[in-house]
Amino acid sequence: MKKYWLMKSEPDEVSVDDALAAPDATVPWTGVRNYQARNFMRDQMRMDDGVLFYHSSCAEPGIVGIGRVASTPYPDPTQFDKKSPYHDPASKPEQPRWMLVDVQVLRKIPNLTLTQMRARPELADMLVLKRGNRLSITPVEPKHWRAIVGNP
DNA sequence: GCCAACGTTGGC
DNA sequence: GCCAACGTTGGC
């Protein structure tokens with residue numbers, strides 16, 4: 001059964017336009033250093049799962065694109081890169097700690113801002129809107145996906 | 001295993 | 001820049 005996900009990216013690092021400009025509009029979801037978020041990518045995501053591309057830590061946080069999971073899980077290369085801010089000296093190549101998937105952007109949508117999301121009753125119980133939520137990757141219920149993306 | 005201190009996230 | 005909320009660390 002296909003699953004759906006909301007994945008946060010800081011547009012200063014990788015915006016939806018950056019992703020669209022990449023080959024095949026596909027980017028590796030690097031830099032996740034939270035176990036719960038990692039586990040979603042490593043254990044639960046499958047090829048072609050739906051992705052809501054979300055901009056965070058910016059002027060207008062919100063959902064700006066629709067995409068899909070475009071790879072199986074593999075080790076995040078930045079954990080072994082000493083020059084990367086995501087370098088993890090405790091992680092060993094023979095037993096990588098951080099796994100990621102590739103995400104392909106399929107299309108942009110007009111920014112569905114956090115404010116607009118909160119204003120829509122049918123989206124009120126989305127995990128990402130829960131008070132204190134800091135997870136950069138959250139599962140999205142099918143009803144919420146349909147309310148945002150429609151039913152193609 | 002507890003929990004205080006510390007660090008990070010992310011909206012505002 | 002502020003700070004609430006939460007995750008991680010490390011001493012005990």
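Reminder, nothing fancy here: chain letters follow the sequence lines and each chain counts from 1.
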Are a donor atom and an acceptor atom from the side chains of [X] and [Y] found within less than 3.5 Å of each other?
{"X": "A:Gln79", "Y": "A:Ser91", "answer": "yes"}
{"X": "A:Asp76", "Y": "A:Thr78", "answer": "yes"}
{"X": "A:Asp125", "Y": "A:His144", "answer": "yes"}

Could you check how far [atom1] of [X] sits from [atom2] of [N], rounded to whole Å?
{"X": "A:Leu127", "N": "B:dT9", "atom1": "CG", "atom2": "C1'", "value": "16 Å"}
{"X": "A:His55", "N": "B:dG10", "atom1": "NE2", "atom2": "P", "value": "14 Å"}
{"X": "A:Met117", "N": "B:dC12", "atom1": "CE", "atom2": "P", "value": "12 Å"}
{"X": "A:Asn133", "N": "C:dA4", "atom1": "CG", "atom2": "P", "value": "18 Å"}
{"X": "A:Leu129", "N": "B:dG10", "atom1": "CG", "atom2": "P", "value": "14 Å"}
{"X": "A:Glu10", "N": "B:dG10", "atom1": "CD", "atom2": "P", "value": "7 Å"}
{"X": "A:Tyr35", "N": "B:dT9", "atom1": "OH", "atom2": "P", "value": "14 Å"}
{"X": "A:Gln36", "N": "C:dG7", "atom1": "CD", "atom2": "P", "value": "7 Å"}

Next on the checklist: Ignoring hydrogens and geometry beyond distance, is the side chain of A:Arg134 in donor-acceptor contact with the base of B:dT8 at under 3.5 Å?
Outcome noted: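 Present.
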
Item to check | A:Tyr54 vs B:dG11: side-chain N/O to OP1/OP2 distance below 4.0 Å | outcome: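 A:Tyr54 to B:dG11 OP1/OP2: side-chain N or O found under 4.0 Å.
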
Item to check | Under 4.0 angstrom between A:Lys8 side-chain N/O and B:dG10 OP1 or OP2 | outcome: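 Answer is yes, contact under 4.0 Å.
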
Checklist entry - For the side chain of A:Asn34, counting heavy atoms from C-beta on, which of B:dC12, B:dG10, C:dG7 is nearest? => result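 My answer, after comparing the listed nucleotides, is C:dG7.
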
Checklist entry - Do A:Trp29 and A:Phe40 have ring centres separated by under 6.0 Å? => result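 No - the distance between ring centres of A:Trp29 and A:Phe40 does not fall below the 6.0 Å cut-off.
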
